[in-house]
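To start, the structure itself, in structure tokens.
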Protein chains: 2
Amino acid sequence: MSETKIKNMEEFAAVSGISRPTVSKYFHDPASVRVSTRSRIEAALERYDYRPNIYAMNQNRKLTKSVGIVVPFMADPFFAEIARNLEQRCIDAGYRPTLFSAHGQPSFETDILDNLLSLKPAGVLMAPLGRNSNKSAIEKFCAEVPTVLFDSEIPDLGLAFVGSDNPQFSMHIVDYLCRTGQPPCFFEMKNPSNPNANKRRQGYLDAMEQLGHTPQIVSIAGNGWDIEEIGRQGGHAALVTQQFGSNTVLCSNDRLAIGLLTACYETGISVGRDPKCAIRVAGQDDHPFSRFTCPPLTTIAQDYDAISRRAVESLFAAVEGDENPRKTTLFDGKLIMRDSA
Amino acid sequence: MSETKIKNMEEFAAVSGISRPTVSKYFHDPASVRVSTRSRIEAALERYDYRPNIYAMNQNRKLTKSVGIVVPFMADPFFAEIARNLEQRCIDAGYRPTLFSAHGQPSFETDILDNLLSLKPAGVLMAPLGRNSNKSAIEKFCAEVPTVLFDSEIPDLGLAFVGSDNPQFSMHIVDYLCRTGQPPCFFEMKNPSNPNANKRRQGYLDAMEQLGHTPQIVSIAGNGWDIEEIGRQGGHAALVTQQFGSNTVLCSNDRLAIGLLTACYETGISVGRDPKCAIRVAGQDDHPFSRFTCPPLTTIAQDYDAISRRAVESLFAAVEGDENPRKTTLFDGKLIMRDSA
DNA sequence: TGCAATTCTTTACGCGCGTAAAAAAACTAT
DNA sequence: ATAGTTTTTTTACGCGCGTAAAGAATTGCA
């Protein structure tokens, strides 16, 4: 970092004593040049702080090193966490990830894809909004850019889908709830934006049937991503009109459960697995905050780590040449027992 | 979107019947060409889907249209919310924002600045990590890129700072708590990463003195951004050893308060402003989740909207030529009364 | 030591667009 | 219609780097 300012690769090649094409090759892939050459370049990098112009680099390359990470709602810590996980893995693999959030708006999601197109990314990791996504826009995008979908599946789209085995989630937690108390009823949004919700409902129905219980579903109104508030209001309504036919409520997801817990508090209904409590509440996802609700929320944890690892692996395998058929990978959830159920 | 594929601006200029330099001018600023010209270009844009190559565009421009938005911790919904707000405003102003999160790690923050440098952004909106930030790296960055800091101030750095008036926060909520019950003690992390914490402590001390009460501060150990967990553990310790000299606890921020609420629950201590409850707990920030704690958290709300508006205004004023002296803008907080205090 | 295989240098062109300068064309106002 | 102003066209070059091709240098190995 000492001497005169380096303007471009030409000058940097000169001071490092290596020809420009070789330097270019080095920046494309350091392992592609001989060790002695590499160390001479790296020695020069120590003395001068030069970085290739990223715009000039990407102009001619068919394949850039950038990767898009798209989530439906960054203000949901669940997605923020998984985005961070994905980001780290991309960096480790030598790529430049860029974060995007659709902020719950389909039009925003479409705009993001438009912008991504002009970024010519090597690949994209995307969790779609779900029901409200502009499917044809996503389909068109997937046809042009290698894309791995996660969290929320759109059938047949993308190189691969990685998510959770929702039926297993339901089976697992329904079984636990039945073993430890009354069979649960199911609390959900009538028009969930995320397709996982439908699979969880079905999983609940199957699990209850399999265990020989009569299922009961409480569907509440509400749209959008303000899920805690929807759960709180719907919970209020369900509680005062006594719609829950069981003292145990399994929520479609943790954010809904968090809202329901608030509704219980506000209605004066005690929640917990303690026999003195009026009802038990369980969620699904292991949302980062579920540890801190009162009572702490019993839930079934998505395997963030496995999901993000597999998503990134699938993407880079495809990007780096493997021609695999589209594959769906689903990971099991782990029961997290806390005080709420 | 009908006819043959357009490869570059040359071809697009041909089909639109306008010369390439004029088309280039149009994409730089649509208002800079005559109305008749503009409508001919826009007519062509309807028929052919052409977008200028972003890499070629930015290669020669001294000033790109991209803006960096840097937050310390995206998994904190507070920052996710404000980032979204900033993002929207940048788009409305015709810029291309890119989101970055330091994920609580100083080394990551430095890397982000490095990457941003090579993106040659028109400007950057940054909330630093705080105490752990690599100040000299940020200083060096600010010298090269127009940067507005928000949330967490680093003295004299950047074009401007926009944040909250922390002493006003403390005064306001301490006054409220004193009027409605016992004067509060103050619950905080011993080594807070965010410098606002220090201002809030001082604000608490000043407020208590002004109101004629004896202040008491409970500082707990813990590092990093896992603030709820730190608050929970520290809260446990403080509760069992009866360190709170008042039945009212003002927390340095909402996330700490959320942890303390969990500790109270786990210790069997009832929280609320109801006289039957054992203690009152208040937070600061109006974290998105604070509405849904049990009991819902009384807090003082940061004016997200005003902060993000002013931050963006300051940045674009500077980017577009105004030479203003560095200015610090602080917004008042609004008391949000809920059940916890 | 010699020969083939690998790696590097030299030379040269192109990518898509920014932008400058001079000339031509289109407006505006009188 | 005319002069003056604004906008567009024409022409031309450069940005920083990717990349191809041919020859030179370096290596590995027997």
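Letters go in sequence order (proteins before strands), and every chain restarts at 1.
When heavy atoms are screened at a 4.0 angstrom cut-off, B:Y50 is found touching the sugar-phosphate backbone but no base atom. Looking at heavy-atom distances under 4.0 Å, B:P21 makes contact with a base.
Partners of B:Q59 by side chain to side chain contact (heavy atoms under 4.5 Å, CB included), not counting sequence neighbours, listed by chain and number: A:Y55, A:A56, A:Q59. Not counting sequence neighbours, B:R96 has no partner by the salt bridge (charged side-chain N to carboxylate O under 4.0 Å, His left out) test. Residues meeting the side chain to side chain contact (heavy atoms under 4.5 Å, CB included) test with A:A93, sequence neighbours left out: A:Y95, A:F316. For A:R326, the salt bridge (charged side-chain N to carboxylate O under 4.0 Å, His left out) criterion is met by A:E153, not counting sequence neighbours. A:F150 meets the ring-ring contact (aromatic ring centres under 6.0 Å, His included) test with no other residue; sequence neighbours excluded. Evaluation of the ring-ring contact (aromatic ring centres under 6.0 Å, His included) rule for B:Y304 yields B:F78 as partners, not counting sequence neighbours. Every residue was checked against the salt bridge (charged side-chain N to carboxylate O under 4.0 Å, His left out) condition with A:E42, not counting sequence neighbours, and none meets it. With sequence neighbours excluded, the residues satisfying salt bridge (charged side-chain N to carboxylate O under 4.0 Å, His left out) with A:D305 are A:R89, A:R309.
Contact check for A:K65 versus A:I54: no side-chain heavy atoms found under the 4.5 Å cut-off.
No hydrogens or angles considered: nothing links the side chains of A:S107 and A:T110 as a donor-acceptor pair under 3.5 Å. A donor and an acceptor atom, one from each side chain of B:E109 and B:H103, are nowhere located under 3.5 Å apart.
Under 4.0 Å is where a charged nitrogen must lie from a carboxylate oxygen, and between B:E81 and B:R84 at least one such pair does.
First and last contacts of DNA chain D with chain A, using any nucleotide atom under 4.0 Å from a protein heavy atom and ordered 5' to 3', fall at D:dG16 to D:dT26.
Within residues 22-39 of chain A, the residues approached by DNA chain C to less than 4.0 Å at the level of any non-hydrogen atom are A:T22, A:V33, A:R34, A:T37, in residue-number order. Of the residues in residues 112-120 of chain A, not one comes within less than 4.0 Å of DNA chain D through any heavy atom.
At its two ends the helix from C:dT1-D:dA30 to C:dT30-D:dA1 runs along axes set 20° apart, each axis drawn from five pairs and the angle rounded to 10°.
Here C:dT9 presents its C1' atom at 12 Å from CD of A:E10, a figure rounded to the nearest Å.
With hydrogens and angles disregarded, a donor-acceptor distance shorter than 3.5 Å links the side chain of A:S314 to the backbone of A:R310.
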